[in-house]
Student: 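Pasting a structure here, questions to come.
Proteins come first, then strands; the chains are lettered A, B, ... in the order of their sequence lines, and each starts at number 1.
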Protein chains: 2
Amino acid sequence: MRPTLQTVADAVGVSRSTVSNAYSRPDQLSTELRDRVLAAAAALGYAGPDPTARSLRKRRTGAIGMLFTASLSFAFTDPYAVGYLRGLAEAAEQARTGLLLLPLSVEDDAAAVAAVNEAVVDGFCVYCMPDWHPALDALAARGLPVVSGQRRASDGPQSAFVGIDEAAATRAAGDHLMALGHRRVAVIGDYLSVAPTIGPALLTSPADVAYYTSRERLRGYQSAFAAAGVDWSTVTTVNVPGNCRDDGATAAAHLLDRAPRPTAIAALSDIVALGVLDALRARGLQPGRDVSVVGFDDIPEAAAENLTTVHQPAADRGRRSGELLLDRPADPADRTVVLPTRLVVRATTGPAPS
Amino acid sequence: MRPTLQTVADAVGVSRSTVSNAYSRPDQLSTELRDRVLAAAAALGYAGPDPTARSLRKRRTGAIGMLFTASLSFAFTDPYAVGYLRGLAEAAEQARTGLLLLPLSVEDDAAAVAAVNEAVVDGFCVYCMPDWHPALDALAARGLPVVSGQRRASDGPQSAFVGIDEAAATRAAGDHLMALGHRRVAVIGDYLSVAPTIGPALLTSPADVAYYTSRERLRGYQSAFAAAGVDWSTVTTVNVPGNCRDDGATAAAHLLDRAPRPTAIAALSDIVALGVLDALRARGLQPGRDVSVVGFDDIPEAAAENLTTVHQPAADRGRRSGELLLDRPADPADRTVVLPTRLVVRATTGPAPS
DNA sequence: TTGAAAGCGATACCAG
DNA sequence: CTGGTATCGCTTTCAA
């Protein structure tokens, strides 16, 4: 049986409080006694106060929980998510706080709820979850501080926001396409429809999309297109089930292999946009001349492949989220941080072919 | 004040045990009573049993701790580490277990020790730590299951191993260079020396290196070179303080800007090797013709840039580590997993110039 | 099926 | 400086 505080106390012939103090408040006892206690502990193989018991008593755990979208492991395949995580890790490291990645499983919502309910943490950080996900309600029920990159109508005032103006960002990208004369446009996005298939999303309105990020970005494009007289009903939307390059290419095939093909394709993420570029090249089409392509995120690969895209600060977003969670400002007004984005025009957009 | 089990019990007029059972052992009470309890809980805003208290009582936390090298956030800049993490996350997700990333700070060993001592976890996974790091001793003292990718003389039998035969891997790479006729060779590696500077490591022997991974890889090269009659004392070793491309380029400069320059450079990671390629190109030298370059890891970028390297399975390593930690085999013999590696010869190695 | 009592391992307060 | 006592919130026998 593993030694406890009591074991050590008995061995030294002092009370539990004294042993506890030896670890947590060294100024409360003489150096001599403290050394004796520590020596006895070492001799007994006592590694210090049990973290769980300590957390219970102190009402803080020294860790924050992280909810990624869908599956946990998936987050590591997305460069943007990794950047976000890096920033968050920096903030956590700075505050000497652990980062608990919750095991959210795609197929099993109940398991995700359980993960939230069982997380030994002092607060939560939400990256990208569908609005309807029950884990979000479980989150709210726990009553811990939350920082999120998405807004839900049901969010309480305890929830802080760190993110960008998604719609304004795509509005700028859409205006760019419109200015270039594009009128036959399409949008490819992840999680546009519930079905986990690659294909037309058949969206009557952006409001139907369950993910905040995708929904807002669509709204931005919608308003840009509308301002140029392009009605949403003429815009083809294609769903991809995951945020990956291959899916982007496959989705693009739905748009390119029919006549008339769109002159511009807006992807809601860079990864998907890069897939679109692959599809264009496979057909001998030149991005920016035959078909214009816009991405979103500005991941490192985007610059390397000269993709026109919307830049948003990945690591910053994570870092600010962590900071806001760890030392939460008293003033609720300070609990909203909107980071800047900017349209980066590179080689994959150009005038609409006539 | 937040409601507890007791609050709910009082409201329903039952005992705490009953409320506890309503959550944890639904078969122990009538459906009718259970529903009443749950309804009362909902009304009171009780979100279910407190995870910390529950962990204390049940003596399990539902999370595993992860120790990366040096700084936590740093891990996310290394593609190989991200791959490892993805595999580990898959295993954790599968077992419905959280993944606690410990806040290891570079400058502050004491903080790292504290992080280990305060981690509310059921076991630990070690990625890449220097042998002397006190956090490893703290780890051992906690007596929890450990899976590590590195061996230390002081590791107890409770420690499992999932990794590769590092020395055999570089032995193959070294043999390849020797077979090509290279005799003036250099090695660039991270953490070869204690000093956080880019420059000659002045290593008398690989045994002096504090990191298992780098040390073993050096040994492999040493034995390959020795077998071809190249004495270790003629091999230049250069240290880089972090695993990044720019540092690789700077380190390469130390080798290329002097005469005679080496005909082959072995880097202990792909990231560093890619930096070496940058340095070669900046000098108008052609990799594989003027200077041969070998990496290690086989990250995606390595294939893209045609780097000769040693392939090791990143995600597999993480996944197996997680699995071994989560359902630990009874037989100690099964607690050692050595995964295969293979030399991938691409375009950056060629015959030594005469 | 339900409840009373005994911890899990530690910390906080306050009196000595 | 040191120790007694109450408590953190829950689970788990075991008896009713």
Side-chain angles (χ1 to χ4, degrees), chain A residues 1-38 40-41 44-62 114 117-122 141-144, chain B residues 1-38 40-41 44-62 114 117-122 141-144:
Chain A
M1 178 161 148
R2 287 190 68 70
T4 69
L5 257 193
Q6 186 73 75
T7 321
V8 179
D10 291 347
V12 186
V14 295
S15 76
R16 302 208 298 263
S17 328
T18 303
V19 180
S20 175
N21 283 336
Y23 284 97
S24 310
R25 315 164 73 157
D27 52 313
Q28 295 296 302
L29 31 51
S30 63
T31 325
E32 189 270 328
L33 179 53
R34 175 156 192 264
D35 290 345
R36 247 172 63 218
V37 170
L38 264 33
L44 290 165
Y46 177 71
D50 179 271
T52 309
R54 167 189 280 236
S55 297
L56 173 59
R57 188 60 239 240
K58 300 184 87 158
R59 315 197 63 62
R60 81 173 283 288
T61 68
N117 281 325
E118 287 162 17
V120 180
V121 296
D122 301 322
R142 285 207 52 181
L144 292 173
Chain B
M1 163 140 173
R2 287 190 67 69
T4 70
L5 257 193
Q6 185 72 73
T7 321
V8 179
D10 291 347
V12 186
V14 295
S15 77
R16 302 208 298 264
S17 330
T18 302
V19 180
S20 174
N21 284 335
Y23 284 97
S24 310
R25 314 164 74 161
D27 52 311
Q28 295 296 301
L29 29 52
S30 63
T31 324
E32 188 270 328
L33 178 54
R34 175 156 193 263
D35 290 346
R36 248 170 64 216
V37 169
L38 265 32
L44 290 165
Y46 178 71
D50 179 271
T52 311
R54 165 189 279 236
S55 296
L56 174 59
R57 188 58 235 246
K58 301 186 84 156
R59 313 201 61 62
R60 81 173 286 286
T61 69
N117 281 324
E118 288 162 17
V120 179
V121 297
D122 301 322
R142 285 206 52 181
L144 292 173

Student: Between D:dC1 atom P and A:Q28 atom CD, what is the distance in whole Å?
Tutor: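 Result: 8 Å.
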
Student: Between B:P51 and A:R142, what is the shortest heavy-atom contact and its length?
Tutor: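 Nearest pair, atom of B:P51 first, then A:R142: CG-NH2, 3.3 Å.
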
Student: Using the closest heavy atom to pick a nucleotide of DNA chain D for each, name whichever of A:L33 or B:Y46 lands nearer the 5' end.
Tutor: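 Mapping each residue to its closest nucleotide by heavy atoms, the 5'-most match is A:L33.
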
Student: Quick one, which residues of residues 3-13 of chain B touch DNA chain D with a heavy atom under 4.0 Å?
Tutor: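 Heavy-atom contacts with DNA chain D come from B:T4, B:L5.
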
Student: What distance separates B:Y23 OH from B:T18 OG1, expressed to the nearest 0.5 Å?
Tutor: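 With rounding to 0.5 Å, OH (B:Y23) is 13.0 Å from OG1 (B:T18).
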
Student: Choose from C:dA4, D:dG4, C:dC8 the nucleotide whose nearest atom is closest to any side-chain atom of B:R59.
Tutor: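 Nucleotide nearest to B:R59's side chain: C:dC8.
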
Student: D:dT11 base to B:R25 side chain: any donor-acceptor pair below 3.5 Å?
Tutor: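 Counting by modelled atom types and ignoring angles, no donor-acceptor contact under 3.5 Å is found here.
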
Student: Near DNA chain D, which residues from residues 16-24 of chain B have a heavy atom under 4.0 Å away?
Tutor: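 Correct list: B:R16, B:S17, B:S20, B:S24.
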
Student: Looking only at the side chain of A:V14 (C-beta and beyond, no hydrogens), which of the listed nucleotides D:dG9, D:dG3, D:dC10 gets closest?
Tutor: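 Looking only at side-chain atoms, A:V14 lies closest to D:dG3.
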
Student: Nearest 0.5 Å, what's the OG-CD distance between B:S20 and B:Q6?
Tutor: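 Answer rounded to 0.5 Å: 12.0 Å.
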
Student: Do the side chains of B:V14 and B:V19 get nearer than 4.5 Å, heavy atoms only?
Tutor: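 Heavy-atom side-chain distance check passes, below 4.5 Å.
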
Student: Before you tell me yes or no, could you show the steps for B:V37 and B:V8 under side-chain contact (heavy atoms from CB on, under 4.5 Å), namely the whole-Å CA-CA distance, both residues' side-chain angles and the distance that decides it to 0.1 Å?
Tutor: CA-CA 7 Å; B:V37 169; B:V8 179; 4.2 Å; yes

Student: Hey, could you give me the CG/OH distance between B:L5 and B:Y46, rounded to the nearest 0.5 Å?
Tutor: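 One finds 3.5 Å between CG of B:L5 and OH of B:Y46.
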
Student: Measure CG/B:L29 against P/C:dT1 and give the value in whole Å, please.
Tutor: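 Nearest whole value for this atom pair: 8 Å.
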
Student: How long is the straight-line distance from CG of A:L56 back to CG of B:D50, given to the nearest 0.5 Å?
Tutor: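 Spacing of CG (B:D50) from CG (A:L56) equals 6.5 Å.
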
Student: Could you tell me the separation between the NZ atom of B:K58 and the C1' atom of C:dG7, rounded to a whole number of Å?
Tutor: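 Going from NZ in B:K58 over to C1' in C:dG7 covers 16 Å.
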
Student: Using whole Å, report how far CG of B:D50 lies from C1' of C:dC8.
Tutor: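 B:D50 atom CG is separated from C:dC8 atom C1' by 13 Å.
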
Student: Can you list, pair by pair, the side-chain donor-acceptor contacts under 3.5 Å of residues 28-35 of chain A, counting residues two or more places apart and other chains?
Tutor:
{"residue": "A:S30", "atom": "OG", "partner": "A:L33", "partner atom": "N", "Å": "3.2"}
{"residue": "A:R34", "atom": "NE", "partner": "A:A22", "partner atom": "O", "Å": "2.7"}
{"residue": "A:R34", "atom": "NH2", "partner": "A:A22", "partner atom": "O", "Å": "3.4"}

Student: Would you mind telling me which of D:dT2, D:dC8, D:dT11 lies closest to the side-chain atoms of A:L56?
Tutor: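 Looking only at side-chain atoms, A:L56 lies closest to D:dC8.
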
Student: Going by distance alone, is a donor N or O of one side chain under 3.5 Å from an acceptor N or O of the other, for A:R54 and A:S24?
Tutor: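 A pair is found: one side chain offers a donor N or O, the other an acceptor, under 3.5 Å apart.
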
Student: To the nearest angstrom, how far is B:R142 atom CZ from C:dG9 atom C1'?
Tutor: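 Roughly 13 Å, once rounded to whole Å.
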
Student: Of B:R57 and B:S30, whose nearest nucleotide on DNA chain C comes first from the 5' end?
Tutor: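 Per heavy-atom nearest nucleotide, the more 5' residue is B:S30.
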
